[in-house]
Protein chains: 2
Amino acid sequence: MPKSDTHMTMRVVNHIRTLIESGGLQPGDQIPPEREFAQKLRISRASLRTGIGYLAAMGVMDVRHGVGTFVADGPPELGKSSLSLLGALHGFQSWQMFEARRILESELAALAAERGREQHFTSMSEEVAEMYATVNDPIEYLIHDVRFHRVIAQASGNPILAALMETITSALYDERRKTAERSRDLKESADLHREIFRAIRSRNASEARAVMERHLTMAQSAQDLEISAQAPPPNGRPAKKVRRSAGEA
Amino acid sequence: MPKSDTHMTMRVVNHIRTLIESGGLQPGDQIPPEREFAQKLRISRASLRTGIGYLAAMGVMDVRHGVGTFVADGPPELGKSSLSLLGALHGFQSWQMFEARRILESELAALAAERGREQHFTSMSEEVAEMYATVNDPIEYLIHDVRFHRVIAQASGNPILAALMETITSALYDERRKTAERSRDLKESADLHREIFRAIRSRNASEARAVMERHLTMAQSAQDLEISAQAPPPNGRPAKKVRRSAGEA
DNA sequence: TGTGCTACAGAGGTCCGACCACTAGAATAC
DNA sequence: GTATTCTAGTGGTCGGACCTCTGTAGCACA
């Protein structure tokens, strides 16, 4: 990694970081135009762009062509495709993503049960209702599904865990939207979400954890079936170990 | 996020991604020099650099001035300072990082107990021995401490969770190395690590999880004490986040 | 009055070509 | 044999020209 006082990239990153820490730059704020900002920092526009690119890659900045550059808004999330890229590099398996998600979200649910506030419970309740209302519209259903889990993450009171979850789910999303679930699955799914909600609202941490785990385990096996059904192994890589070897208790 | 077929950045990213997925590019491999590679891809060197910067920011590439650009090697990790940056932006608290770490590592320890192999146990044992041997050298001790936890992550068989842990610990590292622990704390710490190791080797998942949780809880309160001791609370500001150093330079 | 199209200003995106800075290894001097 | 210097090759920075995209103000037309 580049040194802070030498490389232009880090100079830009640190400058913006300082602006953020001092409160001079808030989420959603727009930074000055590149030409102007570069002149103010006494560096070339190219270097400024490098630094901004670095921040954008990590989800801290949001660059919009023809409009401007803004401080990222919305739920904290690490680089959008970073996990997916790392996955390609290190050969992540699908079940590993599900496992990671299951662990994170189970704990998130437990924390939400302990720390959630009324406003969170209200949002959860609304999303559950919307899920029931859209069991025949998988696309719309998925939106509320995602939102429900996101509210839980918020209610957990730990934005770091929430960011990690967001990172994993967005990596998982690509595969997920391709396998549109069937309606009857959605009814079951909505029921489970309702159970999760109830456990959280009654502040029963261990049950929230357990139900969430059950939900995600089911979701995984459902998706595994879909995949193996509609796409026979498209093999090609020699060392492709077919998972599930060790420790499935 | 730029579109894949329009933006040069994504063209580069996708090209390299394809090379990695096809096996034509493995961790540690060097990519062609920028001038040459840019010509081969029919794009300008500047655009190529943008794409490489994007990949480097996410920890997929490793750019070394005067040497070359390589595919990242070593343990998978998301952008090195990404969490720290996001933290500055969203006001992450120190206890939240510890909590996230505690949850991740506890589960990691449990998984390691279920799936760890002999080779992992051997490495863990070695690191524990090194820890005992360096209880009087905090700097050296910390190295083995980190390695021990890294072996556990490997032994868990889930590189994604390992990567998340790596991301958190590297964000935590900055604060950590400043508060060099005292020797007698290190002796206790080593004892706890030995306990963790024994639980994992005896494949006792729940105990491994419990001991790891205890270890990290202790580490947290120890560090909290250090901090509050050497930096008296600047009273009166209840919800003010702990400022990071941000470099004196 | 309303609606649709056009022109334009301002922002980011791409390119070029020159030059700077760093690293490792080869060539040289001792 | 060892230490020093030189050098080829690689990434880093620059500035300035030009392209593309977006939102909007203004115009033409119904």
Side-chain angles (χ1 to χ4, degrees), chain A residues 1-16 19 25-73 79-81, chain B residues 1-16 19 25-74 79-81 249:
Chain A
M1 285 305 117
K3 277 283 201 157
S4 21
D5 51 348
T6 334
H7 287 58
M8 295 297 98
T9 302
M10 286 302 129
R11 215 145 95 189
V12 175
V13 170
N14 285 327
H15 186 87
I16 293 182
L19 283 180
L25 220 43
Q26 307 259 333
D29 284 358
Q30 182 174 11
I31 68 174
E34 295 182 344
R35 293 161 177 87
E36 182 185 326
F37 203 14
Q39 190 178 353
K40 196 185 310 181
L41 296 186
R42 312 279 180 66
I43 61 177
S44 74
R45 196 185 152 210
S47 295
L48 174 65
R49 280 179 59 73
T50 306
I52 289 177
Y54 187 90
L55 291 167
M58 301 194 305
V60 176
M61 304 291 288
D62 182 15
V63 185
R64 307 213 288 249
H65 189 175
V67 182
T69 303
F70 306 80
V71 178
D73 206 353
K80 293 219 170 187
S81 45
Chain B
M1 222 29 62
K3 275 284 202 161
S4 35
D5 50 347
T6 328
H7 288 59
M8 295 296 97
T9 302
M10 285 301 130
R11 215 144 96 189
V12 175
V13 170
N14 285 327
H15 186 89
I16 292 183
L19 283 180
L25 220 43
Q26 306 239 332
D29 284 359
Q30 181 174 10
I31 69 174
E34 294 182 346
R35 291 159 179 88
E36 182 185 325
F37 203 12
Q39 190 177 352
K40 197 186 308 180
L41 296 187
R42 311 280 179 62
I43 62 177
S44 75
R45 194 184 152 209
S47 295
L48 174 66
R49 280 178 59 73
T50 305
I52 289 177
Y54 187 90
L55 291 167
M58 300 195 306
V60 176
M61 303 291 289
D62 181 16
V63 184
R64 289 186 237 162
H65 189 176
V67 182
T69 303
F70 305 79
V71 177
D73 204 353
K80 292 221 170 188
S81 44

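Proteins come first, then strands; the chains are lettered A, B, ... in the order of their sequence lines, and each starts at number 1.
Between chain A and DNA chain C, the heavy-atom contact criterion of under 4.0 Å yields a 5' to 3' nucleotide range of dG10(C) to dT14(C).
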Starting at the 5' end of nucleotides 8-17 of chain D, put B wherever the base has a protein heavy atom under 4.0 Å, S where only the sugar-phosphate does, and a dash everywhere else. -BBBBBSS-B
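The two residues Glu34(B) and Leu48(B) come nearest to each other via the heavy atoms O-CD2, 3.4 Å.
Distance check: Asp73(B) CG to Gln26(B) CD gives 10.5 Å after rounding to the nearest 0.5 Å. Atom-to-atom distance recorded for Ile31(B):CD1 and Ile52(B):CD1 is 4.0 Å, nearest 0.5 angstrom. Once rounded to the nearest 0.5 Å, the distance linking CZ of Arg64(B) with CD of Gln30(B) reads 8.5 Å.
Side-chain contact between Val12(B) and Thr50(B): absent, with no pair of heavy atoms (C-beta onward) separated by less than 4.5 Å. A heavy-atom distance below 4.5 Å is not found between the side chains of Leu41(B) and Arg11(B).
Between the Asn14(B) side chain and the Met10(B) main chain, a donor and an acceptor come within less than 3.5 Å of each other.
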